[in-house]
Enquirer: 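What follows is a single structure, and I will ask about it in a moment.
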Amino acid sequence: MPQKIAAGNWKMNAPDSAEVQKLLDAHPAPSVSILLCPPATLLAQLSKYLDGTPIATGGQDCHTAASGAHTGDVSADMLRAAGATHVIVGHSERRADHGETDALIRAKAEAALNAGLTPILCIGETLEERDAGQTLDVVARQLTDGRPETGTIVIAYEPVWAIGTGRTPTTDQIAEVHALLRDHAPDTPLLYGGSVKGANAAEIFAIPNVDGALVGGASLTADAFSPIIAALEAS
Ligand SMILES: O=C(CO)COP(=O)(O)O
């Protein structure tokens, strides 16, 4: 059975530290893995705060190189030194905003593995691709081209049109993609991401081959994230 993971992607947001303490108080001994991915500037501080607790931390992106002349970037080794265990790579917001290709994302995932981090590889189709019937082709290509040949990773299926929109795919649509991912990655945790809330979490976690969630907006407060963690524990 792949590990169950409730991961929060804070994106470019900085919740109050009281929210983190509230989350810890609500989940002193979780039966699933909990991960928070803050902005890079907060990572060291948050990792220190969470040291010795069941909540782990991750980065939101990394450079392919370990160090060097790359103004504005952060390496996987630096994330690791700041306390991270994971790093998100290939998020659709980075694919869209920074033109990240599958080849670049794969190099980032390899850099993460080399630094001792577990990459969370994000894949997912746009609405145009879904409407054109290309969803399975797109995610299969992103997986094949973006995934390192060896090493332990986590995969997050995040349909671009479901991110921050309040729209989620039907359970059949999620099940179809996750079945394909499971065929390609039998022992890999497969997360769903895109408008996951306390209200829909149980239904999503009941879908075969869904091992957890990558949560954006609802990871910013303990009140919103805690019911998602509880639903995963109950699944
Ligand atoms: O992009 C996401 C997580 O990486 C999902 O964001 P939302 O949960 O805000 O839709």
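We count residues from 1, following the sequence as given. Here the structure is a predicted model, which is why all the values come from computation and not from measurement. Counting starts at 1 for both ligands and their atoms, in listed order.
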Enquirer: Below 4.5 Å, heavy atoms only, C-beta onward: do Gln60 and Asn9 meet side chain to side chain?
Expert: yes
Enquirer: State whether the shortest distance between N or O atoms of Gly164 and N or O atoms of ligand 1 falls below 3.5 angstrom.
Expert: yes
Enquirer: For atom 3 (C) of ligand 1, what is the closest protein heavy atom, and at what distance to 0.1 Å?
Expert: Glu158 OE2, 2.9 Å
Enquirer: Side-chain heavy atoms under 4.5 angstrom apart, residues restricted to Ile, Leu, Val, Met, Phe, Trp, Tyr: same cluster for Ile155 and Val87?
Expert: yes
Enquirer: Are Lys197 and Glu203 within salt-bridge range, i.e. N to O under 4.0 Å?
Expert: no
Enquirer: Does the plane of the ring in His178 sit parallel, tilted or perpendicular to the ring in Tyr157? Use 30° and 60° as the thresholds.
Expert: perpendicular
Enquirer: Quick one: does ligand 1 sit under 4.0 Å from the side chain of Asn9, the backbone, both or neither, non-hydrogen atoms only?
Expert: side chain
Enquirer: Please say whether Gly217 places an N or O atom under 3.5 Å from an N or O atom belonging to ligand 1.
Expert: yes
Enquirer: Which option wins on minimum heavy-atom distance to atom 1 (O) of ligand 1: Arg167, Glu93, Lys11, Lys197?
Expert: Lys11
Enquirer: About how many Å separate CD1 of Ile120 and CG of Leu214, when rounded to the nearest 0.5 Å?
Expert: 6.0 Å
Enquirer: Under 4.0 Å from a heavy atom of Ser195: which atoms of ligand 1 are those, numbered in the order shown and with their elements?
Expert: 7 (P), 8 (O), 10 (O)
Enquirer: Are the charged groups of Lys22 and Asp16 less than 4.0 angstrom apart, N to O?
Expert: no
Enquirer: Ignoring angles and geometry beyond distance, decide whether Gly216 reaches within less than 3.5 Å of ligand 1 through its nitrogen or oxygen atoms.
Expert: yes
Enquirer: Check ligand 1 against Gly194 and write out every atom of the ligand that is under 4.0 Å from a heavy-atom position of the residue.
Expert: 5 (C), 10 (O)
Enquirer: Below 3.5 angstrom, do we get any N/O pair linking Thr165 and ligand 1?
Expert: no
Enquirer: For a quick test of reading the model, state the closest non-hydrogen atom pair linking Glu125 to Glu129 and the distance between them.
Expert: CA-OE1, 3.4 Å
